[in-house]
> 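I am attaching a structure below and will ask some questions about it afterwards.
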Amino acid sequence: MQLSRFPRFRLGHFPTPLELLPNLTRHLGGPNIYIKRDDCTGLATGGNKTRKLEFLVADAQQQGADVLITQGAVQSNHARQTAAAAVVAGMECKILLEERVPDAPDEYAQSGNVMLDALMGAEIVHRLPAGTDMNAAMEAVAADLRKQGRKPYIIPGGGSNPVGALGYVACAYELLHQSYEMGLHIDHVVHATGSAGTQAGLVAGFAAANSGVPVLGIGVRAARPQQEENVWNLARATLDYMGVPQSVLDRSDVVANTDYVGDGYGLATPSMIEAIRLAAQTDAILLDPVYSGKGMAGLIDLIRKGHFKKGENVVFIHTGGTVGLYAYRHIFNT
Ligand SMILES: *Cc1c(COP(=O)(O)O)cnc(C)c1O
């Protein structure tokens, strides 16, 4: 299956580095921990949405769109990368924000990603209360724009549809190539999973390559059955879109551990704060409070519980979000 048959609009710096975290590995005394630096995709502070947007923006251009519409939480890394992609592609960007995190302080409402959205010229059309039907709200904005003769293109939350998930099929292939170059056998891939496109693309790509690389998603929002169902459905739709038989993927290839969500999406947990401090102070890796911090908290806990063995090679995908740290300054003041 050649990904080159899908249109791609270049936005990022690829391949991203795959490197050992020597000090964190030594500190935990478990498996060798490698990090895939998708925080270094290069698009306006980077992150995992850049890979998805390369395919989504190309699709939008093919459809003759002149304005991108998307949605996310106030500190959405996806919204920020979409704003950046629109700038590069010469399109307008309309963002709808859901006030999903309760009792958030001013810095959450104003700093970090949302500050950068505005800086890059995206229009924040609405800030809507938690629980709003965001898809319907985006459709309404698109309908208004069409009436004005515009050509809107709606990107779902997190860029998670089969077009966007191709970005993580590409990442799976990139990892297989890098592991071959480095002579590294990858025993596990671990990353934070939210809107499911990252994990769906990875499992679809690894299965299409018949690689046998297991993927563990650490959940940040939904409970396990729902999260796995979302990944499974999107992975199969992605294989379909790629023209690969869905039978290459087994339901047992989709595994999410949602034990590290805490009280909810975007809400701090002690293990997330510990993981962010530890990664910063061992190998100078800057994680984020909503996704990669909880993902790393899961990885650390599972290592401590002996889930991964000494001598195994675990690749943690750093999905980005570092600028979200500024929106959570209050949780690090001790
Ligand atoms: C969006 C995001 C994720 C989750 O990726 P999904 O494809 O939505 O599951 C993980 N980490 C960061 C930093 C993100 O912004």
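Whatever order the structure lists ligands and atoms in, that order sets their numbers, starting from 1.
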> Does a salt bridge link E174 with K36, judged by any charged N lying under 4.0 Å from a carboxylate O?
yes

> Using side chain to side chain contact (heavy atoms under 4.5 Å, CB included) as the criterion, point out the one residue from L175, N313, T25, I186 that pairs with Y34.
N313

> Taking only Lys NZ, Arg NE, NH1 and NH2, and the carboxylate oxygens of Asp or Glu, determine whether K94 and E92 approach each other closer than 4.0 Å.
yes

> I69 and side chain to side chain contact (heavy atoms under 4.5 Å, CB included): which single residue from V141, T82, V125, I95 fits?
V141

> Taking a hydrophobic cluster as the set of Ile, Leu, Val, Met, Phe, Trp and Tyr residues connected by side-chain heavy atoms closer than 4.5 Å, whether directly or through intermediates, do V231 and M242 fall within one such cluster?
yes

> As a test of reading the model: which N/O atoms of the protein lie under 3.5 Å from N/O atoms of ligand 1, and at what distance?
| residue | atom | partner | partner atom | Å |
| --- | --- | --- | --- | --- |
| ligand 1 | 5 (O) | N48 | ND2 | 3.0 |
| ligand 1 | 5 (O) | T198 | OG1 | 3.3 |
| ligand 1 | 7 (O) | K52 | NZ | 2.6 |
| ligand 1 | 7 (O) | G197 | N | 3.4 |
| ligand 1 | 7 (O) | T198 | N | 2.9 |
| ligand 1 | 7 (O) | T198 | OG1 | 2.7 |
| ligand 1 | 8 (O) | S195 | N | 2.8 |
| ligand 1 | 8 (O) | S195 | OG | 2.5 |
| ligand 1 | 9 (O) | G194 | N | 2.7 |
| ligand 1 | 9 (O) | S195 | N | 3.2 |
| ligand 1 | 9 (O) | A196 | N | 3.0 |
| ligand 1 | 11 (N) | T319 | OG1 | 2.6 |
| ligand 1 | 15 (O) | K49 | NZ | 2.9 |
| ligand 1 | 15 (O) | N77 | ND2 | 2.9 |

> Would a single hydrophobic cluster contain both L20 and V189, if residues Ile, Leu, Val, Met, Phe, Trp and Tyr are joined by side-chain heavy-atom contacts under 4.5 Å?
yes

